[in-house]
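One structure follows; several queries about it will come next.
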Amino acid sequence: MGDLVEFKNTMIDNKAIARIFNEIADLLEIKGDNPFRIRSYRNAATVIETFGESFEKLVREGTVDLQSISGIGEAISGKIKEIVETGDCKAHRDLLKEIPPTLLEIMQLQGVGPKTTAMLWKKMGVTTVEGVEQLAAAGKLRDLAGLGEKSEQKILQSIQNRKKVSGRHLLGDAEQTAHQILDYLHAGPPEKKKRAKTARQKTTSFLAVPAGSLRRGRETIGDVDILVAGKNCEAIIDRFTQFPEVESVLAHGDTKGSVQLKSGLQIDLRVVEEKSFGAALQYFTGSKEHSVALRSRAQKMGYTINEYGLFKVDKKGEKEEWLAGRTEEEIYERLKLQFIPPELRENRGEIEAAEKRELPALIELKNVRGDLHMHTTETDGKATLQEMVEAARSRGLEYVAITDHTKSTRVANGMDEKRLESQIQTIEKLKRKTTGITILKGTECDILADGKLDLSDTVLEQLDLVVVSIHSHFNQSPQEITDRLERAFSNPHVKIFAHPTGRMLFHRPPYAVDVEKLFALAKKHKVCLELNSQPERLDLNDVHLRMARDQGVPIVISTDSHDTSQLDHLKYGVLTARRGWLEPRHVANTLPVKQFLKAIART
Ligand code: DGT
Ligand code: CA
Ligand code: CA
Ligand code: ZN
């Protein structure tokens, strides 16, 4: 939304003025205002944008009566002057107070006009593209007057296209793509050599691993870096450039290939000698900040490191002797450091900790025994209760909590007390038939604007696990949110606060939660904070997790799955937890179910 307000104190070109008028027209259309008035703003916008001279200049010089220009009436002329003089327009501002500005983004989607936007807002309470995406993905948009399934697909496509242009990519998307490419590379030789079986054996003799921000598990990825060591490397680069999803080949050399995929993601592949694979992996994993600090340590010790290895330096500062480089481990060892896991390599104190041999024993995927946040077809999930439980069991989880939405979240078909009680019965029945996994009866209960919970205590007390979250009134002040949380957390049934800051990567900033106060409240009331593993959430983030850890705030890692396949998102949560320096002991759902329930009990 930054582009709505960016032009204060700057030159106002015709385009900027036109944009304000177009937005006024958009907002009036959403409002259902007089069509003639809307038309006059649109006309004026076109006239201004295509006009030969700068309106700013015309206004400042004052020699031309703006109203003499065809398409510019009295009202518009006044507003042009106002915009040139103040950089802003009151009518525009007033409309933005009345109508959520994020609706303008919805209206820009293909297949969505002002009427649909208004309907989404007024009838369904949807104000963000993300909300539209959820509805469309759940097949709930098609029933909206006159839309149909085809338009729904078109809208979904348009939302996906929109994501591509943002420059960075979600960890989840990048990781999946990287794995597809690695599988593809390992599956065979380049197209031109058709010697399927024997060649397959040959090409398995190379090592290919992701490096860069992907290996460090950052929440967003600029480009994917892949490192390859082995023989027959030209063939590997050839095959790489022939990956079916490639849109264009950016570079194709002897030791390096670079491609842009149809999704917009760029992949760099580098081939290195086995002897320096560890050094190259260390170098291309980064981060740059970590590597800089590491290099300066090496220098002090009389070494130098680069992507080829660690070398001893003579008195003249020249490379003397190759000492290490085959593995990362031997490089860190030479530098008298504990091996530093990639997720910690951000120069946030890891080198100092490694020197003292005090690195955390980071949590691993296999440590997580339960998943405490997931949805079923009862609300906005795509899989049934049975399917979710079965999928969790087949992934080796020891327990799951079923946490469907509550009635205030109408877009997700949230449940009232009656429906939840009936789900409780269903779960009881399923529990009697199920072995090998413990099913916890839960809810993801909305915290209403004033901090009250969306369900009555009489039904909350029948549950094993009450997860609460904020899904509305995102624009409250920090104080209002603190008060809201204080009230919610004082309900003794509340055990977990889900996606605590509400941010959605590329979609929505966090609400104005005061994180320090949140941590204090969580500790005071013994409420666990969730690390939500959805790639677009990863909320709490790595920095917050580390603060929470240092302050002794209990954490759980959950997937918030809306489908069986999303149970695998747990790995993104664990990566983020590792970036937050978390050990198993900081994460309550690394405990077996009985101990877990005891640990989160509030009395
Ligand atoms: P990204 O792609 O923006 O998500 O972040 P990275 O960390 O993957 O950065 P990228 O792709 O530009 O480079 C991959 C790694 O290569 C980076 O983490 C460290 C290393 N690297 C790149 N440029 C430099 C450099 O100028 N100096 C040093 N020391 N390392 C570099
Ligand atoms: Ca990268
Ligand atoms: Ca790169
Ligand atoms: Zn949820």
Side-chain angles (χ1 to χ4, degrees), residues 163-182 185 208-229 237 240-241 243 245-253 255-261 263-272 276-300 303-311 313 319 324-325 328 331-332 335 337 340-348 350-351 505-506 535-536 538 541-543 572 575-576 578-579:
K163 283 187 198 167
K164 284 182 199 170
V165 295
S166 79
R168 296 190 69 83
H169 301 260
L170 294 175
L171 171 64
D173 296 338
E175 195 258 1
Q176 273 188 2
T177 307
H179 276 230
Q180 280 161 14
I181 293 182
L182 293 181
L185 288 179
V209 294
S213 52
L214 176 59
R215 182 161 180 247
R216 302 198 311 279
R218 267 193 71 178
E219 62 194 29
T220 64
I221 305 298
D223 65 8
V224 170
D225 304 278
I226 293 176
L227 211 58
V228 173
I237 296 177
F240 170 67
T241 58
F243 182 62
E245 288 300 302
V246 168
E247 167 95 19
S248 61
V249 177
L250 307 173
H252 188 166
T255 59
K256 195 186 152 165
S258 187
V259 298
Q260 175 124 32
L261 302 184
S263 67
L265 184 62
Q266 185 183 320
I267 321 277
D268 292 345
L269 180 136
R270 287 182 193 81
V271 175
V272 298
S276 49
F277 186 74
L281 185 57
Q282 200 291 315
Y283 184 92
F284 290 112
T285 295
S287 66
K288 210 165 154 181
E289 291 75 14
H290 173 84
S291 294
V292 167
L294 204 66
R295 216 167 322 147
S296 106
R297 179 181 177 88
Q299 257 157 26
K300 281 183 206 139
Y303 301 138
T304 183
I305 39 174
N306 58 28
E307 62 264 54
Y308 302 105
L310 181 121
F311 301 84
V313 179
K319 269 186 256 173
E328 284 188 323
I331 293 174
Y332 284 102
L335 294 170
L337 294 173
I340 301 177
E343 297 90 339
L344 299 185
R345 299 184 195 167
E346 299 289 347
N347 198 27
R348 294 176 183 161
E350 71 277 9
I351 295 180
L505 287 162
F506 308 141
E536 63 272 21
L538 295 176
N541 69 19
D542 51 1
V543 173
Y572 306 125
L575 273 173
T576 305
R578 289 167 66 86
R579 289 179 61 83

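Residue numbers run from 1 in the order of the sequence given. Start at 1 and go down the list; that is how both ligands and their atoms are numbered.
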Before signing off on this row, confirm whether D223 and ligand 1 have an N or O atom pair separated by under 3.5 Å.
->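 D223 vs ligand 1: N/O contact under 3.5 Å present.
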
Give the residue, atom name and distance (to 0.1 Å) of the protein heavy atom nearest atom 7 (O) of ligand 1.
->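 Here the closest protein heavy atom is R216 NH1, 2.9 Å.
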
Side chains of L294 and Q282: does their closest heavy-atom pair fall under 4.5 Å?
->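 SC-SC contact between L294 and Q282 confirmed.
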
Any R218 heavy atom less than 4.0 Å from ligand 1 |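 Flag not set, R218 not near ligand 1.
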
Could you tell me whether the side chain of P210 reaches within less than 4.5 Å of the side chain of L182, counting heavy atoms only?
->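 Yes - at least one pair of side-chain heavy atoms lies under 4.5 Å apart.
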
Report yes if some heavy atom in the side chain of I237 is under 4.5 Å from a heavy atom in the side chain of L269; otherwise report no.
->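 Sidechains of L269 and I237: in contact.
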
Charged N-O contact under 4.0 Å between E346 and R218 |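 Judged by the 4.0 Å cut-off on N to carboxylate O distance, E346 and R218 do not form a salt bridge.
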
Among protein heavy atoms, which sits nearest to atom 21 (N) of ligand 1, and what does the distance come to when rounded to 0.1 Å?
->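 Nearest protein contact, heavy atoms only, for atom 21 (N) of ligand 1 is Y283 CE2, 4.3 Å.
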
Would atom 23 (N) of ligand 1 count as contacted, meaning some protein heavy atom under 4.0 Å?
->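 No, there is none.
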
For the pair R215 (side chain) and T285 (backbone), establish whether a donor and an acceptor sit closer than 3.5 Å, ignoring hydrogens and angles.
->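 Between the backbone of T285 and the side chain of R215 there is no qualifying donor-acceptor contact (under 3.5 Å).
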
Should one rank R270, R295, K288, E346 by closest heavy-atom distance to atom 29 (N) of ligand 1, which comes out on top?
->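 Checking each option, the heavy atom nearest atom 29 (N) of ligand 1 is found in R295.
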
Protein heavy atom at shortest distance from atom 15 (C) of ligand 1 =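 Ranking protein heavy atoms by distance from atom 15 (C) of ligand 1, first comes F284 O, 3.2 Å.
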
Heteroatom proximity flag, S213 to ligand 1, N/O under 3.5 Å =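 It does: an N or O of S213 is found under 3.5 Å from an N or O of ligand 1.
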
Is the backbone N or O of L335 less than 3.5 Å from a side-chain atom of R297, with the two atoms forming a donor-acceptor pair by type?
->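 It does hold such a pair.
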
Would you mind telling me if ligand 1 is within reach of the side chain of R168, the backbone, both or neither, using heavy atoms under 4.0 Å?
->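 Under 4.0 Å from ligand 1, R168 contributes side-chain atoms alone.
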
Just by modelled atom types, is the R216 backbone N or O under 3.5 Å from a matching donor or acceptor in the R345 side chain?
->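 Not confirmed, R345 side chain does not pair with R216 backbone.
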
Any N/O/S atom of D268 sitting less than 3.0 Å from the Ca ion (ligand 2), backbone or side chain?
->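 No, since none of the N, O or S atoms of D268 sits under 3.0 Å from the Ca ion (ligand 2).
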
Which of the ligand 1 atoms, numbered from 1, are nearer than 4.0 Å to a heavy atom of G212 =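 Under 4.0 Å from G212, ligand 1 has these atoms: 8 (O).
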
Would a 4.5 Å heavy-atom cut-off, applied to side chains only, mark Y283 and I305 as touching?
->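 Of all side-chain heavy-atom pairs linking I305 with Y283, none is under 4.5 Å.
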
Any N/O of G222 closer than 3.5 Å to an N/O of ligand 1?
->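 Yes: some nitrogen or oxygen of G222 is under 3.5 Å from one in ligand 1.
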
Using a strict 4.0 Å cut-off to heavy atoms of I221, name the atoms of ligand 1 that fall inside it.
->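 The list of qualifying atoms is 4 (O).
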
With the Ca ion (ligand 3) at the centre, find the angle made by OD1 from D225 and OD1 from D223, to 10°.
->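 Output for this angle: 100°, rounded to tens.
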
Mark the output for T285 as yes if a heavy-atom distance to ligand 1 is under 4.0 Å, and as no if none is.
->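 In this structure, T285 qualifies as a contact of ligand 1 - some heavy atom is under 4.0 Å.
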
May I ask you to check if ligand 1 and S291 share an N or O to N or O distance below 3.5 Å?
->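 No, S291 has no N/O under 3.5 Å of an N/O on ligand 1.
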
Which residue supplies the protein heavy atom nearest to atom 9 (O) of ligand 1, what is that atom called, and how far is it?
->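 Closest protein heavy atom to atom 9 (O) of ligand 1: D225 OD2, 4.7 Å.
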
Within a strict 4.5 Å, meaning less than it, do heavy atoms of the L261 and V259 side chains meet?
->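 They are in contact (side-chain heavy atoms under 4.5 Å apart), so the answer is yes.
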
Protein heavy atoms: any of them under 4.0 Å from atom 18 (O) of ligand 1?
->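 When distances to the protein are checked, atom 18 (O) of ligand 1 has a heavy atom within 4.0 Å.
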
Assess whether atom OH of Y308 is packed by more than 12 heavy atoms of other residues, nucleotides or ligands within 6.0 Å.
->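 No.
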
Side-chain heavy-atom pair D225, L214 within 4.5 angstrom cut-off |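 With C-beta onward as the side chain, the pair stays apart.
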
Exercise check, heavy-atom protein proximity under 4.0 Å to atom 5 (O) of ligand 1 =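 Within 4.0 Å: yes, protein heavy atom nearby.
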
Any donor-acceptor N or O pair under 3.5 Å, side chains D542, T576 |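 Not at all, the side chains of D542 and T576 share no donor-acceptor pair under 3.5 Å.
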
